[in-house]
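A short worksheet on the structure shown next.
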Amino acid sequence: DVWAVGCIAYEMLAMRPPWMNLLGPRPAINNLINLVSTQTLDVSPLRLNYSDELCGLIAALTAREQTHRPDLLSVLRWPILNGKCALAARTGAPPL
């Protein structure tokens with residue numbers, strides 16, 4: 001499932017783990033589980049520094065309902081990734 005990829009991407013962009021702003025100073029695993037299972041990850045803070053296209057991808061990857069998340073092949077076809085993945089496949093170089 002791409003949800004974990006979305007969480008990692010969010011953390012890389014935000015420079016903090018997802019949902020940490022809602023957990024308070026002493027986060028407990030039960031509180032995190034509750035947030036993850038009942039709330040949609042708010043990607044709006046990312047929009048200050050990143051494109052709508054990238055933020056939309058992160059939002060899709062972290063959709064709460066699994067049926068609303070894209071599969072991996074669909075993710076690779078997103079315009080923001082499609083050209084870079086094709087270039088990497090042709091040249092053997094990692095996309096920058």
Side-chain angles (χ1 to χ4, degrees):
D1 187 18
V2 297
W3 182 83
V5 174
C7 289
I8 292 167
Y10 179 94
E11 185 168 349
M12 289 171 61
L13 297 174
M15 295 188 284
R16 67 173 174 78
W19 293 284
M20 289 307 288
N21 60 322
L22 301 175
L23 288 174
R26 298 191 57 181
I29 191 68
N30 291 343
N31 295 349
L32 179 60
I33 291 169
N34 184 50
L35 282 172
V36 168
S37 62
T38 62
Q39 306 246 347
T40 299
L41 182 60
D42 180 16
V43 299
S44 62
L46 297 179
R47 294 185 191 281
L48 297 172
N49 298 305
Y50 301 101
S51 70
D52 287 339
E53 190 176 25
L54 180 57
C55 294
L57 176 59
I58 302 300
L61 294 174
T62 59
R64 193 169 62 81
E65 296 292 329
Q66 183 178 4
T67 56
H68 295 145
R69 293 191 289 266
D71 60 37
L72 184 57
L73 190 56
S74 298
V75 170
L76 294 176
R77 291 184 180 136
W78 275 61
I80 195 168
L81 296 177
N82 191 14
K84 298 210 184 312
C85 292
L87 176 63
R90 284 193 310 272
T91 64
L96 300 176

Rounded to the nearest 0.5 Å, how far does CD1 of I58 lie from CD of E53?
11.5 Å
Does any non-hydrogen side-chain atom of S51 lie less than 4.5 Å from one of I80?
yes
Minimum heavy-atom distance P70-A60, with the two atoms named:
CD-O, 3.4 Å
Nearest atoms (heavy-atom pairs only) where V43 meets C55:
CG2-O, 3.9 Å
Non-hydrogen atoms of W3 and A63 that approach each other most closely:
CD1-O, 4.0 Å
Pairs of donor and acceptor atoms involving the side chains of residues 31-40, under 3.5 Å and at least two apart or interchain, shall be tabulated with distances.
| from | atom 1 | to | atom 2 | distance (Å) |
| --- | --- | --- | --- | --- |
| S37 | OG | I33 | O | 2.9 |
| S37 | OG | N34 | O | 3.2 |
| T38 | OG1 | N34 | O | 2.6 |

Might you point out which heavy atoms bring P18 and C7 nearest each other, and give the distance in Å?
CG-O, 3.9 Å
Side chains of V5 and L72, heavy atoms from C-beta outward: is any pair under 4.5 Å?
no
Which distance, rounded to the nearest 0.5 Å, do you find between the CG of L41 and the OH of Y10?
5.5 Å
Interatomic distance, CG@L57 vs OG@S74, rounded to 0.5 Å, equals 11.0 Å
Just how far is it from atom CG of L61 to atom CG of D1, taken to the nearest 0.5 Å?
9.0 Å
Looking at CG of D71 and CZ of R77, how far apart are the two atoms once the value is rounded to the nearest 0.5 Å?
8.0 Å
Looking only at heavy atoms, the pair that brings R69 and R64 closest together is NH1-O, 3.3 Å
